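One structure, pasted below without further comment.
Not measured: the values here are computed from a predicted model. The analysis underlying the following values was restricted to heavy atoms, covering all of them including side chains, and did not include hydrogens, waters or symmetry mates. Chain letters run A, B, ... following the sequence lines, proteins first and then strands; every chain starts at 1.
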Number of protein chains: 2
Amino acid sequence: MHILLVEDDAQLGAALQRALERLSYTVSWLRDGRTALNAIRDRTADLILLDLGLPGRDGIEVLTETRRAHIDTPVLVMTARDTLAARVDGLDAGADDYLIKPFHVEELAARIRSLSRRTRGLAVNRIDVGALTLDLGTSEVTFRGEPVELTRREFALLQALMENAGRLVRRESLENSLYGIDHVVGNNALEVLVHALRRKLSFETIRNVRGFGYMLPRDPK
Amino acid sequence: MHILLVEDDAQLGAALQRALERLSYTVSWLRDGRTALNAIRDRTADLILLDLGLPGRDGIEVLTETRRAHIDTPVLVMTARDTLAARVDGLDAGADDYLIKPFHVEELAARIRSLSRRTRGLAVNRIDVGALTLDLGTSEVTFRGEPVELTRREFALLQALMENAGRLVRRESLENSLYGIDHVVGNNALEVLVHALRRKLSFETIRNVRGFGYMLPRDPK
DNA sequence: GGATGGCTTATGAATCGCTTAAGGGCTGGG
DNA sequence: CCCAGCCCTTAAGCGATTCATAAGCCATCC
């Protein structure tokens with residue numbers, strides 16, 4: 001899952017990026033409204049984490065502009081003021097949820113999960129696909145009943161495939177949700193990652209469709 | 001993607017159908033509520049574009065009736081009046097989005113895209129032409145209900161033909177969209193590709209017009 | 001019947017994906 | 001603060017598939 005973090009404060013931004021990456025999210029950190037809007041318009045993000053405290057009321061503008069462009073990527077707003085006006089402003093402008101600073105990373109993580117659950121229509125924190133289960137809360141994966149130890153990247157790849165089980169996931173789409181917008185061309189990082197994941201699961205589980213991408217069968221055994 | 005257009009006005013209906021077909025959607029135009037409901041019950045549509053200004057409050061009835069039958073196909077409502085009551089009526093009855101007449105085709109297109117994105121998973125970006133379906137999201141192709149395995153080039157060729165179904169596509173235009181602007185002259189790569197594609201589908205499906213190019217009939221069987 | 005354009009098949013080259021190995025960076029322990 | 005271990009990216013070799021080219025045949029138009 002690919003998160004766009006819009007935050008001008010260097011310290012908080014770096015901390016959030018690290019925390020989110022530790023939770024297996026791919027984070028693109030943008031420091032100002034203009035570059036944020038450009039990135040948002042690409043529609044490659046799954047969730048936008050937006051600081052309303054950007055200088056010059058930039059935050060709200062980013063949000064309004066996003067919604068006016070009919071981009072309905074979920075937006076989680078961070079604000080320093082817990083006033084009714086602030087909340088109304090944010091939600092009216094099209095935010096899906098908000099957080100009052102300061103907050104704990106656990107709370108942020110919970111809201112991100114809740115938000116992606118809501119917009120995805122999932123009832124629980126767990127994805128089941130055949131003999132595979134993946135827990136977004138605890139980051140645990142089991143295969144054929146056995147727990148499997150996955151690294152951060154492997155987990156993110158498996159999640160992307162499981163969320164689209166039975167459907168082909170395009171190569172660019174995977175690279176985007178793993179590496180963010182600015183992935184370099186010409187590397188075979190994805191292939192190496194697929195290989196590592198196959199080794200930990202089984203080699204039949206992940207199917208390749210030459211020239212297009214990868215796919216997880218709806219019922220892998 | 002298959003759109004059900006419910007519109008009683010002949011002029012507007014024809015214009016919308018033409019505009020949507022130009023955007024590679026398959027459009028079934030129905031002029032009254034009764035036939036519309038029958039078509040909706042078939043559940044073959046991916047999206048319903050419903051005029052609320054149908055005579056006799058027909059529009060709202062179609063919508064309520066649809067939702068009562070637990071058919072949750074996305075509905076985009078068109079209404080002439082921009083009053084709060086009108087919006088509430090439509091959204092309360094189960095519409096997913098609404099448009100105030102008159103509107104620009106660009107706006108309609110944007111809302112259709114947004115709607116199909118929101119209800120993703122099914123037929124998000126699908127082109128239907130007769131017995132052929134091509135899914136741009138998952139890169140899957142079916143012919144007469146059977147899945148067909150295509151290579152990247154074959155897929156690109158079929159896509160170009162399907163986006164212009166019923167129209168003649170010039171040779172240069174195909175070569176451009178397959179090989180880019182700087183394709184070398186004197187090769188017959190296109191013919192070889194057409195041959196490969198015909199072999200995987202059927203030899204009657206793709207028609208050649210000597211000296212000009214190729215064409216896919218609007219209703220290939 | 002000649003000429004042009006399209007069809008079909010074979011073949012070598014290019015591309016794509018798989019696999020293994022190596023090196024750099026980050027983390028946690030001593 | 002340094003070292004060890006893990007993770008991740010890069011690189012390179014290999015095998016399989018795909019693709020463009022070429023060459024001969026067939027259909028259509030004049």
Side-chain angles (χ1 to χ4, degrees), chain A residues 14-15 17-27 139 141 148-161 168-180 182-216, chain B residues 139 141 148-158 160-161 168-180 182-216:
Chain A
Q17 178 166 38
R18 221 172 325 117
L20 290 172
E21 284 178 347
R22 202 188 301 271
L23 292 166
S24 297
Y25 296 116
T26 304
V27 180
S139 295
V141 172
V148 184
E149 293 285 317
L150 296 187
T151 68
R152 200 164 55 88
R153 288 269 197 254
E154 289 161 4
F155 185 88
L157 170 62
L158 184 58
Q159 180 183 349
L161 289 173
L168 193 145
V169 192
R170 280 176 182 284
R171 200 197 172 78
E172 311 89 66
S173 161
L174 286 174
E175 280 175 347
N176 175 58
S177 69
L178 286 167
Y179 306 111
D182 48 350
H183 66 272
V184 224
V185 288
N187 61 4
N188 65 343
L190 182 60
E191 276 109 320
V192 177
L193 195 59
V194 167
H195 181 65
L197 188 54
R198 279 177 171 155
R199 178 181 294 205
K200 290 191 180 176
L201 303 173
S202 81
F203 282 85
E204 305 84 55
T205 310
I206 301 173
R207 290 229 318 263
N208 167 263
V209 181
R210 195 182 167 93
F212 292 98
Y214 293 86
M215 146 171 169
L216 196 68
Chain B
S139 301
V141 172
V148 184
E149 297 277 319
L150 296 186
T151 69
R152 212 159 30 138
R153 284 256 133 86
E154 290 159 5
F155 185 89
L157 170 62
L158 184 59
L161 289 173
L168 175 78
V169 191
R170 291 190 171 277
R171 204 197 166 78
E172 311 89 65
S173 160
L174 284 174
E175 282 175 345
N176 263 333
S177 67
L178 284 169
Y179 306 107
D182 50 348
H183 68 274
V184 219
V185 288
N187 60 6
N188 65 343
L190 183 59
E191 276 110 318
V192 177
L193 196 58
V194 168
H195 180 65
L197 188 53
R198 280 176 171 156
R199 180 184 295 211
K200 289 190 179 176
L201 302 173
S202 81
F203 282 86
E204 305 84 55
T205 310
I206 300 173
R207 292 228 305 265
N208 168 262
V209 180
R210 195 181 167 90
F212 292 96
Y214 293 87
M215 150 173 163
L216 197 67

Rounded to whole Å, CZ of A/R18 lies from C1' of C/dG25 at a distance of 15 Å
Between D/dT17 and A/N208, counting only base atoms on the nucleotide and side-chain atoms on the residue, is there a donor-acceptor pair under 3.5 Å? no
Notebook entry, point to check: Taking CZ from B/R152 and P from C/dA14, how many angstroms apart are they, rounded to a whole number?
Noted result: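 Roughly 16 Å, once rounded to whole Å.
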- Message: Quick check for you: to the nearest 0.5 Å, what is the distance between B/R153 atom CZ and B/L178 atom CG?
- Response: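 Answer rounded to 0.5 Å: 6.5 Å.
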Output for pair (A/S139 OG, A/R152 CZ), nearest 0.5 Å, gives 11.0 Å
Under 3.5 Å between N/O atoms: give me all the protein pairs with nucleotides 27-30 of chain D, atom names plus distance.
residue, atom, partner, partner atom, Å
D/dT28, O2, B/R210, NH2, 3.3

Go through A/L157 and A/L190 one step at a time and tell me if the side chain to side chain contact (heavy atoms under 4.5 Å, CB included) criterion holds.
CA-CA 9 Å; A/L157 170 62; A/L190 182 60; 4.3 Å; yes
Please report the distance, rounded to the nearest Å, between CG in B/L193 and P in D/dT17.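 Distance check: B/L193 CG to D/dT17 P gives 19 Å.
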Next on the checklist: Checking contacts here: which listed nucleotide (C/dC18, D/dA22, C/dT9) is nearest the side-chain heavy atoms of B/H195?
Outcome noted: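 It is C/dT9.
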Decide yes or no on side chain to side chain contact (heavy atoms under 4.5 Å, CB included) for B/N208 and B/R198, but give the supporting numbers first. CA-CA 11 Å; B/N208 168 262; B/R198 280 176 171 156; 3.9 Å; yes
Side-chain atoms of A/T151 come closest, of C/dC16, D/dC8, C/dG17, to D/dC8
dist B/I206:CD1 -> B/L161:CG (nearest 0.5 Å) comes out at 5.5 Å
Taking pairs as Watson-Crick (N1-N3 plus N6-O4 or O6-N4) or G-U wobble (N1-O2 and O6-N3), each distance under 3.5 Å, the stems of three or more consecutive pairs with DNA chain D are C:1-30 with D:1-30
Ranking C/dT20, C/dC7, C/dT19 by distance to the side chain of A/R199, first place goes to C/dT20
Check your understanding: Is the shortest side-chain N/O distance from A/R171 to OP1 or OP2 of C/dG17 below 4.0 Å?
Key -> yes
B/L174 atom CG is separated from C/dG6 atom C1', nearest whole Å, by 14 Å
Rounded to the nearest Å, what distance is computed from the CD1 atom of residue B/I206 to the C1' atom of nucleotide C/dT8?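 Answer to the nearest Å: 15 Å.
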Considering only heavy side-chain atoms of B/A189, the closest of C/dT20, D/dT21, C/dT9 is D/dT21
A/F212 CZ to C/dG17 P, in whole Å, measures 10 Å
A/E191 has its side chain closest, among C/dG17, D/dA20, C/dT20, to C/dG17
Between A/K200 and A/L190, the residue closer to the 5' end of DNA chain D by nearest nucleotide is A/K200
Rounding to 0.5 Å, atoms CZ (A/R199) and CD (A/E154) come to a distance of 10.5 Å
Please verify the inter-ring angle class for B/F203 with B/H195; under 30° counts as parallel, over 60° as perpendicular, anything in between as tilted.
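Correct class here is tilted.
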- request: Evaluate the criterion side chain to side chain contact (heavy atoms under 4.5 Å, CB included) for residue pair A/T151 and A/K200; output intermediate values, then yes/no.
  value: CA-CA 11 Å; A/T151 68; A/K200 290 191 180 176; 4.1 Å; yes
Side-chain touch A/R171/A/E191, heavy atoms, less than 4.5 angstrom: yes
When rounded to whole Å, the CG to C1' distance for the pair A/N188 and D/dC14 reads 13 Å
In whole angstroms, the gap separating P of C/dG25 from CD of A/E21 amounts to 17 Å
message = side chain to side chain contact (heavy atoms under 4.5 Å, CB included), that's the test. Do A/R170 and A/F212 meet it? Break it down for me.
response = CA-CA 6 Å; A/R170 280 176 182 284; A/F212 292 98; 4.0 Å; yes
- [ ] Look at all strands and tell whether B/V192 reaches a base, only sugar-phosphate, or nothing, counting heavy atoms closer than 4.0 Å.
- [x] base
Which of the following nucleotides, C/dG17, C/dC18, D/dC8, is nearest to the side chain of A/R198?
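For A/R198, the side-chain atoms sit closest to C/dC18.
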Among C/dG6, C/dG17, C/dT8, the one nearest any side-chain atom of B/Y214 is C/dG6
